[in-house]
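Naming convention: chains lettered A, B, ... in sequence-line order (proteins, then strands); numbering from 1 in each chain. Atoms considered below: every heavy atom in the structure, side chains included; atoms not considered: hydrogens, waters and symmetry mates.
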Amino acid sequence: MSRRQFSKADIDAAKSWPFGEARALVKRLERAGHDDPVIFETGYGPSGPPHIGTFGEVARTTMVRRAFELMTGRKTRLIAFSDDMDGMRKVPPQLPNQELLARHLQEPLTSVPNPFGTEHPSFAHHNNAQLRAFLDRFGFDYDFVSATECYKSGRFDETLIRVLERYDAVMEIILPTLGAERRETYSPILPISPKTGRVLYVPMLEIDARAGTVVFEDEDGERIKTEVGGGRTKLQWKADWAGRWFALGVDYEMAGEDLTESVKLSSRIVRALGGEPPAGFNYQLFLDEEGKKISKTKGNGIAIEEWLTYASPESLSLFMFQNPKAAKKLYFDVIPKMADEYLGFLQKYPAQNGAAALDNPVWHIHEGAPPADTSPVSFAMLLNLVSASGSADPNVLLGFVKKYRPNASPAEIAAARALTVYAERYFERFIKPSKMFRAPTDAERAALEALSARLKEIGDDAPEDVYQTAVFDAGKAQRFVNIRDWFSGLYEVVFGQKEGPRMGPFIKIYGARATAKLIDDALARN
RNA sequence: GGGCCCGUAGCUCAGCGGUAGAGCAACUGACUUUUAAUCAGUAGGUCGAUGGUUCGAUCCCAUCCGGGCUCACCA
C-alpha cells in the first residue's frame, strides 16, 4: 500500500469524474453550508439480495467520497440506508415459505417473518444482514441505517411533523404526477394499523401539525387519531426519499438513470420541507451483449457472483469506474479485458505523478492507496498457460510465471497466484469446452510414442534444452516435411488446440513423466 | 410524442476551443532448434450526420439520425 501526497494544483487538475462530482458537491456545500461530517448516502431495498448494481453504486459513491476527502480534507460518512419499513406488496416468487409470507402482505418488511430459517428476526433483517456481509466482504466503509429504526426511535419524528407543516406544499408537488385514481387516496404519510400491523394506503382525514397527529380510517373502519412519530406512520413513495435526505442531512447520493424523475421530484419536495437536495448524478443502467436492458427476471447479463468467479473485485470496480454515464454492456467477454486493464493501470501507477496518478482508475479503486505489488503476468497470459498446459495446478502455472519473469518478487508471485484461481475457472467454463482433440496421423503417432518413451527415459531432472532436443529429435526421426507440422500436430493431438507452449520449458516445469502421460493419454483416446 | 442521458480507432475508454490519444486486438520484423512469451515497429478514425457561432470546433449552439431510461400502477 502506498498513499501519496498531492498538491492542490494536482487535485485541481484531476479530471476524472469522481473529482468532477466532488467539485459539484463542494459547490452544494457552499450553498447549504454545514458542519462535518459530510453525508454520502446509498439506498437499498431489502426485498431481495444485494446484486451487482448494489456493488456499483457503493463503489462509485465511495470513489466520489475519497476524491472529496482529498480535495477538502473534510470528514465524511457513507450511510447505507435500508428501506426496510416498506410494506411487502407482493411475495417475491423465488422465496421459500410462500404461504407463510402471503399471510403477512402489506406489513413492513421488518415485521414479515424470516422465510429463510436464519437467525434473523424478520425477512428484512435477513436481507439487511446480507447487505452488510456483502459490503464488508469488499471492505467498504459505511454506516448501516435501517428505516424501521429511524421511524421507531423517533429519529424521523421531526421530519414527519415537518411534512405535516408543509402538507399542502408537498401535496401540490406530488399530486400532478399521479393518475386520477391514485390522487384520491394518496397521502405522503402512511399509518401503520395498530390492529393488524399493516401499512395502510389510505388518505389522511385530518392532520394537526402542531400536535403532530393525523386521523385515518383503520382497516375495520374505525377512525383513529395517532401521533405520526415513533414508528406509528411512515412516509410513502415519492416523499420518503426527500424525507430521508432532510432527516439525515444527505449531501450526496447517486441513482440509476431510471430514477431520474424521482430525483427531480424528491428535490422539489425536500426544498418544500426547507432542505437542500443533495448533489449527485444519474448513472446509466447496464446492457447485455445485444444492448438490451439487463433484468433480473430475464437473467441476461452477469450476476456479481459470476463476475467474481472469474475475476477480482478490483476488476469489477474498474468496470464501475469507467464511463458511468454511458450505458455499458455487461457480459462475459468484458471480464478478462477488465482484469487485464486493471493490471495495466496498476503497473502504470508508480510512474505517474500528480493529476495523472489521481486520474488513474486504481487510485479510485483502492481509495487512494493502490498496492505496490502486482502480478507480473497478465490474466490473458495465465489463460494461455492454463489452456496450453491443460493444467490449472497453481504450482505448474507459477512455474511458468517464474520462468517468464525470473526477477519477480515473492509479492508479485503471490499476486499472480491469486489470479490463477480465476484463470482456472475461466478456462473450465470458456476454453476447455472449445478444445478439439484430433487423431494423430501415423507419422505423428510414431513420433509421439517415441517422444513419450524418450521422456520416461530422461526422467524429470534434465535441463530444459535436453527436453527441447528430444522433441525435435522425435519429429526429425519421422521426416516431417516442415518441422512446424510436427509441432502443430503435437498441439492438436495432445493439447486439443492449434497453439501451445514452448515444449522444452513446458516439460521441465510440468515434468517429463507427467508430459509422457499426457501423450500416452492422447494416444489412448484414438 | 415530451423530458433526461449516451454516440471518439475492431473492442474498452481518455481528451472537451488550437492541426486526434492510450490499452487491448490486428499486421510486420527481430529473437527463440515452435506457432507461447519478449522486444521493436506499422497500420487503423471526414471524433453519429448536417447547419451555425468563432481567426479556429471532437469540444459551444441548433436540428436530425441511432441507442438507452422515463412519463398509469408498483417501488
* To do: Could you encode protein contacts along nucleotides 7-12 of chain B as a string, one character per nucleotide from 5' to 3', using B for base contact, S for sugar-phosphate-only contact and - for no contact, with a heavy-atom cut-off of under 4.0 Å?
  => ----BB

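- The residue A:Lys476 sits close to a base: some heavy atom pair falls under 4.0 Å.
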Under 3.5 Å, which donor-acceptor pairs link side chains of residues 183-191 of chain A to any protein atom two or more places apart or in another chain?
from, atom 1, to, atom 2, distance (Å)
A:Arg183, NE, A:Leu175, O, 3.3
A:Arg183, NE, A:Leu178, O, 3.3
A:Arg183, NH2, A:Leu178, O, 2.7
A:Tyr186, OH, A:Trp237, O, 2.9
A:Ser187, OG, A:Ile189, N, 3.1
A:Ser187, OG, A:Ile189, O, 2.5

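- With B:C74, B:G3, B:C6 as the candidates, the nucleotide lying closest to the side chain of A:Lys264 is B:G3.
- Side chain to side chain, A:Trp486 and A:Gln478 fail the donor-acceptor criterion of an N or O pair below 3.5 Å.
- For B:A57 and B:C61, the C1' atoms lie 12 Å apart once the distance is rounded to whole Å.
- Nearest nucleotide to the A:Lys325 side chain, out of B:A22, B:C5, B:U70: B:C5.
- Applying the ring pair (Phe, Tyr, Trp, His ring centres under 6.0 Å) rule to A:Phe281 yields the partners A:Trp17; only residues at least two apart in sequence or on another chain are considered.
- In the set B:C4, B:U35, B:C73, B:C73 carries the atom at the smallest distance from any side-chain atom of A:Arg182.
- Listed by first and then second residue, the salt bridge (Lys or Arg N to Asp or Glu O under 4.0 Å) pairs involving residues 349-363 of chain A amount to none (not counting sequence neighbours).
- Side-chain proximity of A:Ser488 to the nucleotides B:A75, B:U35, B:G3 is greatest for B:U35.
- Nearer to the 5' terminus of RNA chain B, by closest-nucleotide assignment, is the contact made by A:Gly489 (compared with the other of A:Trp237 and A:Gly489).
- Here A:Arg60 does not pair with A:Glu21 in a salt bridge; the nearest charged N to carboxylate O distance is not below 4.0 Å.
- In this structure, the ring pair (Phe, Tyr, Trp, His ring centres under 6.0 Å) partners of A:His126, at least two apart in sequence or on a different chain, are A:Phe116, A:His120.
- As judged by a 4.0 angstrom heavy-atom cut-off over every strand, A:Leu178 is placed among residues touching the sugar-phosphate backbone only.
- Residues satisfying the ring pair (Phe, Tyr, Trp, His ring centres under 6.0 Å) criterion with A:Phe246, sequence neighbours excluded, are absent altogether.
- At a threshold of 4.0 angstrom between heavy atoms, the contacts of A:Asp86 are confined to the sugar-phosphate backbone, with no base atom among them.
- Listed pair A:Tyr201 / B:A75 meets the phosphate criterion, a side-chain N or O lying under 4.0 Å from OP1 or OP2.
- Looking at which nucleotide of RNA chain B each of A:Phe345 and A:Gly179 is closest to, the 5′-most match is held by A:Phe345.
- At the heavy-atom level, A:Thr469 lies under 4.0 Å from base atoms of the strands shown.
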